[in-house]
Undergrad: 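Starting off with a structure, shown below.
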Amino acid sequence: MKRSLVMLAVAFAAVAAIPRAHAQDAETEKAIEKYRAMLREDPWSNPGYLDADRGEALWTTRAGPKNASFEQCDLGKGPGKVDGAFAELPRYFADADRVMDLETRLLWCRETLQGLSAADYVKRPHPAGGQPVKEIGAIATYVASKSSGQKFAARLDRPQEQDAVALGETLFYRRSGPFDFACATCHAQSGLRIRLQGLPYLAEKKEASKVIGEWPAYRVSNTHVMTMQHRLLDCYWQMRMPELQMGSDASVALIAFLTKQAEDGEIAVPGLKR
Amino acid sequence: MRITIAILALSFAAMPAPAQKKVDPARADTAIKAAFPTAPADWASRLTGDETMQQCSASHNNPAKDVAAAIQKREQGTIVYPPDNNFMGDWQKGERLAQSGYGLRFTDYPPRQANGGNCYACHQLTKNEVSYGTLGPSLSEYGKLRDFKPEAVKAAYEKLYNSHMAFPCSTMPRFGANKILTIEQIKDAVALLMSPESPVNTGK
């Protein structure tokens with residue numbers, strides 16, 4: 001495992017060094033296909049596993065004014081139960097009286113268990129290019145990887161959950177910003193691309209279930225793990241919208257909708273993305 | 001162009017119908033406002049969208065006939081024409097703005113250069129640029145295919161100024177009406193499409 005990690009690190013560095021010019025996208029795509037093949041031979045060589053390991057260590061590390069770890073965090077299957085928990089998210093949590101996706105729940109656990117402010121965390125929740133994913137992202141990578149191989153099994157049938165899915169769908173088609181874009185502008189047809197980047201058809205279950213279960217994913221062009229909350233912020237950035245707040249109802253609703261779209265999909269975390 | 005519209009109409013028609021469960025638009029507004037707490041005060045309109053956007057969102061870009069007609073009329077009214085009715089600028093500048101996706105992102109402030117039109121994100125234009133998107137139809141030989149007719153030049157200007165006039169609920173940005181591009185820039189983009197010297201038409 002160590003050796004292939006080093007090989008991949010070298011290979012990834014080479015891809016990262018390719019200028020982000022669009023004409024190079026096809027080459028990047030080819031290179032990534034090569035790494036995907038390597039990953040199939042040795043799945044453990046995805047650099048995202050380093051963050052999953054970091055997340056596992058963070059899960060048991062005491063921190064904050066309350067000097068507590070995440071070990072009592074209830075992700076829906078009971079305090080401290082991590083295996084298979086991601087597969088059942090998002091879900092309604094009575095203690096918070098909210099529907100939460102994984103990252104939002106972790107933020108909540110961090111605040112209630114460790115006494116660390118969520119409002120402070122969401123001011124800078126995502127890493128810049130080349131920086132490692134932040135604490136919640138690392139823990140999310142760890143937790144989600146503990147559902148790898150399972151299928152999404154979020155119930156999404158409680159009234160609050162149905163409401164979140166419906167809101168998410170509405171937001172998916174909602175145009176906003178000076179370019180009049182909605183998620184549907186880029187993700188409501190199959191086989192289209194923007195410049196050379198292929199656009200998954202997320203309004204359709206077949207394509208959604210192929211890609212949604214791969215997040216958090218190691219993103220080669222940013223050389224770090226990117227979480228779903230971060231992915232959505234990035235898409236809103238392209239929409240010329242302000243910064244999407246991590247844990248906001250809108251972000252949770254979109255993730256609930258996307259997860260519903262992907263309900264037959266298999267979880268394969270950490271994924272690997274362009 | 002008719003064919004494109006027919007194809008697009010078909011693909012829109014194939015889009016999934018809105019879910020059974022209706023969400024009150026005010027609820028969506030509230031959720032969006034709360035989700036973007038760092039929005040500067042003068043970005044308020046980015047969060048809500050205007051009536052045309054709301055109608056296109058609600059119908060999944062497939063407005064009923066009367067709504068489509070109302071959109072068309074409203075959007076036509078936004079178009080500002082060049083005072084001298086000269087619709088063509090400099091195709092070389094047009095090519096540069098077609099390549100550039102700069103502008104209006106929260107990382108683009110304070111502005112460091114003019115906004116781009118990012119046409120290549122969605123359209124094929126010149127033969128030499130192979131990195132083009134397919135969200136919109138190919139515009140290769142656009143002017144040549146229209147015999148460089150003056151009406152087609154004017155129509156291209158209108159299309160760029162406000163895409164909904166010719167195609168209600170078009171997914172192409174309203175470059176003029178939303179002040180993404182200036183009138184001069186739109187003329188440059190029209191030249192890229194319609195000038196006989198433009199590589200879009202010479203194939204060079």
Side-chain angles (χ1 to χ4, degrees), chain A residues 21-26 119 122-123 162-182 184-186 188-199 203-205 232 236-254 257 260, chain B residues 11-12 14-16 18-23 25 27-28 30-40 43 45-50 52-54 56-61 99 101 103-108 118 120-122 129-135 163-164 170-174 178-180:
Chain A
H22 292 290
Q24 303 280 2
D25 281 3
V122 300
K123 282 183 195 148
Q162 287 182 352
D163 186 59
V165 172
L167 177 62
E169 177 169 33
T170 300
L171 298 181
F172 188 85
Y173 289 96
R174 180 191 165 100
R175 292 179 181 233
S176 41
F179 276 50
D180 298 342
F181 285 163
T185 307
C186 297
Q189 267 175 278
S190 193
L192 299 185
R193 47 175 225 248
I194 201 158
R195 287 280 185 164
L196 293 178
Q197 297 167 39
L199 295 163
E204 188 213 48
K205 300 219 165 200
L232 296 188
Y236 270 121
W237 172 80
Q238 300 186 66
M239 289 165 71
R240 275 70 180 172
M241 287 287 275
E243 287 170 82
L244 175 68
Q245 184 155 80
M246 177 178 171
S248 56
D249 283 348
S251 69
V252 173
L254 279 166
F257 170 64
K260 179 81 188 158
Chain B
S11 55
F12 283 136
M15 273 166 52
Q20 306 303 95
K21 208 163 184 275
K22 278 263 178 280
V23 172
R27 164 133 163 62
T30 309
I32 285 294
K33 276 183 200 142
F36 297 97
T38 62
W43 281 33
S45 64
R46 295 199 189 193
L47 304 183
T48 43
D50 61 18
T52 294
M53 288 157 81
Q54 288 161 14
C56 295
S57 304
S59 62
H60 291 193
N61 296 331
Q99 291 281 0
L104 305 180
R105 297 184 173 107
F106 61 74
T107 46
D108 293 337
N118 215 6
Y120 281 105
C122 301
E129 181 51 88
V130 294
S131 170
Y132 59 85
T134 54
L135 284 169
S163 55
H164 294 250
S170 169
T171 50
M172 173 162 139
R174 293 170 287 180
N178 284 357
K179 300 205 161 37
I180 300 165

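Chain identifiers are assigned alphabetically (A, B, ...) following the order of the sequence lines, protein sequences preceding nucleic acid strands; residue numbering begins at 1 within each chain. In what follows, every heavy atom counts, from backbone to side chain, and hydrogens, waters and symmetry copies are set aside.
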Undergrad: Do you know which of R240(A), M239(A), Q245(A) has the most heavy-atom pairs with chain B at a distance under 4.5 angstrom?
TA: R240(A)
Undergrad: Quick one: which of P37(B), P40(B), A34(B) has the most heavy-atom pairs under 4.5 Å with chain A, could you say?
TA: P37(B)
Undergrad: Is K123(A) salt-bridged to E243(A), cutoff N-O under 4.0 Å?
TA: no
Undergrad: Could you tell me which of R174(B), M172(B), Q54(B), R105(B) has the largest number of non-hydrogen atom pairs under 4.5 Å with chain A?
TA: R105(B)
Undergrad: Is chain B contacted by the side chain of S176(A), its backbone, both, or neither, given a heavy-atom distance below 4.5 Å?
TA: both
Undergrad: So, taking the atom named CG in L171(A) and the one named CD1 in I32(B), what distance separates them when rounded to the nearest 0.5 Å?
TA: 4.5 Å
Undergrad: How long is the gap from NZ on K205(A) to NZ on K260(A), to the nearest 0.5 Å?
TA: 5.0 Å
Undergrad: For the side chain to side chain donor-acceptor pair (under 3.5 Å) test, which of T52(B), N61(B), D50(B) pairs with R175(A)?
TA: N61(B)
Undergrad: For the interface with chain B, which of L192(A), D180(A), D249(A), V165(A) has the highest count of heavy-atom pairs at distances below 4.5 Å?
TA: D180(A)
Undergrad: Mark yes or no: R193(A) above the aromatic ring of Y132(B), with NZ or CZ under 6.0 Å from the six-membered ring centre and no more than 45 degrees from the axis.
TA: yes
Undergrad: Given heavy-atom pairs under 4.5 angstrom as the criterion, report whether the side chain, backbone, both or neither of L47(B) touches chain A.
TA: both
Undergrad: So F106(B) and W237(A), would you call those rings parallel, tilted or perpendicular, with 30° and 60° as cut-offs?
TA: perpendicular
Undergrad: Relative to chain B, which segment of T185(A) carries a heavy atom at a distance below 4.5 Å: side chain, backbone, both, or neither?
TA: both
Undergrad: Which bit of Y236(A) is near chain B, if near means a heavy-atom gap under 4.5 Å: side chain, backbone, both or neither?
TA: side chain
Undergrad: Going by side-chain contact (heavy atoms from CB on, under 4.5 Å), I194(A) matches just one of T134(B), L135(B), N118(B). Which one?
TA: L135(B)
Undergrad: If you count heavy-atom pairs within less than 4.5 Å of chain A, which of C122(B), S45(B), G103(B), S163(B) leads?
TA: G103(B)
Undergrad: Please look at A121(B) and chain A and tell me whether the side chain, the backbone, both or neither of the residue comes under 4.5 angstrom of a heavy atom of that chain.
TA: both
